[in-house]
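One structure is given below, encoded as structure tokens.
Sequence lines set the chain letters: A, B, ... in the order given, protein chains first and strands last, and positions in each chain run from 1. Computed over heavy atoms, backbone and side chain alike; hydrogens, waters and symmetry mates excluded. Here the structure is a predicted model, which means the values were calculated and not measured.
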Amino acid sequence: MQRQYRLRRREDFARLRKQGRVWRHRVLVVSVIPNGLAHNRYGFITSKHLGKAVVRNRMRRRLREVVRRLHPLLKPGYDLAFIARQPLVDLSFPALYDVVWSLLQQANLIQPASPGDLQS
RNA sequence: CAAGUUGACCGGGUGAUCGCGUGUUAUCGCGGGCUAUGGCUCCGAUAAUGCGAGGAAAGUCCGCGCUCCAGAGGGCACGGUGCUGGCUAACAGCCAGACGGGGCGACUCGGUGGAAUAGUGCAACAGAGAGGCGUAUUGCCCCGGUCCAGAUGGACCAGGGUGAGGGUGAAACGGUGCGGUAAGAGCGCACCGGCGCAGGUGGUGACACCGGCGGCCAGGCAAACCCCACCGGGAGCAAGACCAAGCAGGAACGAGGGGCGGCCCGUCCCAUUAAGUUCCGGGUAGGUUGCUAGAGGCGGCGCGUAAGUGUCGUUCCAGAUAGAUGAUCACCGCCUGCCGGGAUUUCGGUUCCGACAGGUACAGAACGCGGCUUACAGGUUGGCUUGAGUC
RNA sequence: GUGGCUGUGGUGCAGUGGUUAGCAUGCCUGACUGUGGAUCAGGAGGUCGAGGGUUCAAAUCCGUCCAGCCACC
């Protein structure tokens, strides 16, 4: 995930938290807001009560990997924040992939002309 | 071979497909800044290439470097350390030793200054008595009286002596023997143990050993107050420096205010031409730097019992900032259990091969370093001790 | 990064060296009542966060570790 596609500023996160549209799942929450740019930007939030530093780092890396793979299939021009919840700690990588895919479908962020579902 | 003890070290590997951060070089950008129009610099992209978590990176329990507080001085308070000698930048660390406890032993554990020579305090319950020369319950002994028996004895009462026996307690003021006595007692003597005094020998020292003298009454708790010796100024990389952006001031009090933050002294700065304080209101939440070449790693040699240290050679080894150092898959390795087969056997086991199942830890740099402490699947290896057997 | 607080029956708290760790509430049993509540009587329930050390003796004193919470920049 290159630096230009990451959310890096405090005000961006504050804007997402105040005005973002939210889709929830048992293990993950996604907050979305248009950013007026030609590309998407992503942020990953793993709070301290999820576990120690090793656990938080691992979850953030796996989430980032899933989103990196889905990135070419998404509609551009949005900021997205992914907030991990406690059950995510024990989730396998394919299951995590399915969760992210279904959440982004709910949010209607998958490009209609996309080459297709990678799961198929 | 078994049991134990003590150090040193490692802590997954290979491949495939996608990725991330950073250094260097090159090229590019209707990109930004400066310009003497040669260029320089910043940012971004692409390519090549180098590097990219730990033994604890953890907990934050200590110590130091570094930075700022004008210079950083004295006293008190407060806090810390506490056997000796050494090492170190420093330490509550390490090394070597002393003393005391544990273990057959290798070895190991210890916050280990001061308790008659400063003083104060504490010790429940039990017990006669618990901290000063204090006590008399039972016991032992003596004297006197009464009664019984008449044998020199026994019972009771009053007085006195005693701290040896029993008993209480965590702790009761040395132990053994002889003398002594009405019974006893360091009351006296000998030896042993402890304490003190002065001395000798060895050791840098803690201390050890030796003989002498003294009187046997001075016990425990300072992780109780305290005393003694030594050490400590405060804050922390969100320290500090630079750049950019942005805003709006008003009211009241006011002769003092502030710098070292607990206090005082000393000293300096700013004020009385309005410094400062409080309240209301307004603005900012960005970037660069500090930032990694260091008490650095590895190896040789010299010195030292060692911790270490000197010198020579060699090497460059993470610098993120919503926070990189990875994700997925495959195969292998390692460990445990069970099953099958082979070898060996002192019939307890040991070992090799194969299959299946499960497991593969603790844990993520955030200025750096030295320690300590705690967590940790499993593995490699050196020394030493004790016991058994064989030659 | 720095400083501080708390941990004791199910719950909320006291106890800060000394006999068997208390109090309130809750819980159980019985009495009272037609029944319940209230009331009365009796009772159970504690590794004092964990593990070391000092002491004759530790919930209490001193280190280490664990968990939770707060404050400041």
Side-chain angles (χ1 to χ4, degrees):
Chain A
M1 179 85 42
Q2 289 175 2
R3 191 166 285 161
Q4 67 179 110
Y5 299 128
R6 280 189 246 146
L7 282 175
R8 304 185 63 214
R9 296 170 65 87
R10 183 177 292 273
E11 55 187 305
D12 292 332
F13 281 91
R15 200 159 53 90
L16 269 164
R17 187 174 149 183
K18 280 192 165 184
Q19 304 166 20
R21 180 134 186 232
V22 176
W23 279 268
R24 299 173 205 279
H25 185 270
R26 195 172 63 85
V27 302
L28 193 66
V29 174
V30 179
S31 180
V32 180
I33 196 167
N35 62 5
L37 299 173
H39 55 79
N40 288 348
R41 294 186 301 176
Y42 309 96
F44 304 93
I45 299 172
T46 51
S47 73
K48 200 154 193 177
H49 62 265
L50 291 176
K52 298 191 172 189
V54 173
V55 175
R56 298 200 303 272
N57 282 352
R58 187 169 60 238
M59 284 192 292
R60 194 168 344 104
R61 285 163 178 162
R62 299 174 98 175
L63 267 174
R64 199 162 54 217
E65 178 66 13
V66 169
V67 172
R68 193 183 59 77
R69 291 186 184 188
L70 290 173
H71 172 67
L73 311 177
L74 301 182
K75 294 179 181 173
Y78 295 93
D79 283 346
L80 292 86
F82 295 84
I83 303 161
R85 288 178 155 182
Q86 182 66 44
L88 187 68
V89 173
D90 302 315
L91 208 62
S92 71
F93 184 80
L96 177 63
Y97 191 97
D98 290 346
V99 167
V100 174
W101 175 262
S102 65
L103 269 177
L104 292 178
Q105 265 187 332
Q106 280 180 43
N108 196 23
L109 284 171
I110 310 293
Q111 283 191 4
S114 67
D117 189 350
L118 279 191
Q119 299 169 100
S120 57

>> So, taking the atom named CG in A/Leu88 and the one named CZ in A/Arg60, what distance separates them when rounded to the nearest 0.5 Å?
In response: 12.0 Å
>> Does any part of the side chain of A/Leu80, heavy atoms only, come nearer than 4.5 Å to the side chain of A/Arg41, both counted from C-beta?
In response: no
Hey, can you pull the donor-acceptor pairs under 3.5 Å for the side chains in residues 19-39 of chain A, sequence neighbours left out?
unit_1	atom_1	unit_2	atom_2	d
A/His25	ND1	A/Val27	N	3.2
A/Ser31	OG	A/Leu16	O	3.3
A/Asn35	OD1	A/Leu37	N	3.0
A/Asn35	OD1	A/Tyr78	N	3.4
A/Asn35	ND2	A/His39	O	3.2
A/Asn35	ND2	A/Tyr78	O	3.3
A/Asn35	ND2	A/Asp79	OD1	2.9

> Starting at CD of A/Glu11 and ending at C1' of B/G287, how long is that distance when rounded to a whole Å?
Replying inline: 14 Å
>> Quick check on B/C20: is either OP1 or OP2 less than 4.0 Å from any side-chain nitrogen or oxygen of A/Gln2?
In response: yes
> Starting at the 5' end of RNA chain B and moving along, which residue's nearest nucleotide shows up first, A/Glu65 or A/Arg68?
Replying inline: A/Arg68
> Should A/Tyr97 and A/Ile83 be counted in the same cluster of Ile, Leu, Val, Met, Phe, Trp and Tyr side chains packed under 4.5 Å apart?
Replying inline: no
> Given the C1' atoms of B/U386 and B/A223, what is the spacing between them in whole Å?
Replying inline: 39 Å
>> Could you write out RNA chain C as dot-bracket? Rules: Watson-Crick or G-U wobble, both distances under 3.5 Å, brackets [ ] for crossings, | for pairs with another strand, dot for unpaired.
In response: (((((((..((((....[...)))).(((((.......))))).....((.((..]....)).))))))))).
>> With the 90 degree cut-off around zero defining syn, does B/G179 come out syn or anti?
In response: anti
>> Please list, in numerical order, the residues of residues 51-58 of chain A that have a heavy atom closer than 4.0 Å to any atom of RNA chain B.
In response: A/Lys52, A/Ala53, A/Val54, A/Asn57
>> Applying a 4.0 Å non-hydrogen cut-off, can you work out what A/Arg62 is touching in the nucleic acid: base, sugar-phosphate, or nothing?
In response: sugar-phosphate
>> Checking A/Val67 against A/Arg64 for the side-chain contact (heavy atoms from CB on, under 4.5 Å) test, could you report, in this order, the C-alpha distance in whole Å, the side-chain angles of both residues, the deciding distance, and whether it holds?
In response: CA-CA 5 Å; A/Val67 172; A/Arg64 199 162 54 217; 5.9 Å; no
Can you tabulate the close N/O pairs, meaning under 3.5 Å, that link protein atoms to atoms of nucleotides 320-322 of chain B?
unit_1	atom_1	unit_2	atom_2	d
B/U321	OP1	A/Arg3	NE	3.3
B/U321	OP1	A/Arg3	NH2	2.8
B/A322	O2'	A/Leu7	O	2.6

> Can you name the one residue among A/Leu74, A/Leu70, A/Leu7, A/Leu63 that meets side-chain contact (heavy atoms from CB on, under 4.5 Å) with A/Tyr42?
Replying inline: A/Leu74
> Roughly how far apart, to the nearest Å, are B/G257 and B/A275 at atom P?
Replying inline: 16 Å
>> Between A/Val66 and A/Trp101, is the side-chain contact (heavy atoms from CB on, under 4.5 Å) condition met? List the steps.
In response: CA-CA 9 Å; A/Val66 169; A/Trp101 175 262; over 6 Å; no
> What pairs of residues pass the salt bridge (charged side-chain N to carboxylate O under 4.0 Å, His left out) test when at least one of them lies in residues 83-97 of chain A, not counting sequence neighbours?
Replying inline: none
>> Syn or anti for B/G65? Use the chi torsion, O4'-C1'-N9-C4 for purines and O4'-C1'-N1-C2 for pyrimidines, with syn inside 90° of 0.
In response: anti
> So, is B/G333 syn or anti if syn means the angle is within 90° of 0?
Replying inline: anti
> Are A/Leu104 and A/Ile45 connected in the hydrophobic side-chain network, where two residues link if heavy atoms are under 4.5 Å apart?
Replying inline: no
> By ring-ring contact (aromatic ring centres under 6.0 Å, His included), which residues pair with A/Phe13, not counting sequence neighbours?
Replying inline: none
> Would B/C317 be called syn or anti, given that syn covers angles within 90° of 0?
Replying inline: syn
> What form does the base of B/A53 take, syn (within 90° of 0) or anti?
Replying inline: syn
> Which part of the nucleic acid, if any, lies within contact of A/Gln4, taking any heavy atom under 4.0 Å across all strands shown: a base, the sugar-phosphate backbone alone, or nothing?
Replying inline: nothing
> Roughly how far apart, to the nearest Å, are B/G281 and B/C291 at atom P?
Replying inline: 42 Å
> Just how far, in rounded Å, is C1' of B/G19 from CG of A/Leu63?
Replying inline: 16 Å
> Does B/A357 have a Watson-Crick or wobble partner in any strand here, with both distances under 3.5 angstrom, and which is it?
Replying inline: B/U336
>> How long is the straight-line distance from CD of A/Glu65 back to CZ of A/Arg62, given to the nearest 0.5 Å?
In response: 10.5 Å
>> Grouping I, L, V, M, F, W and Y whenever their side-chain heavy atoms are under 4.5 Å apart, do A/Val54 and A/Met59 come out in a common cluster?
In response: no
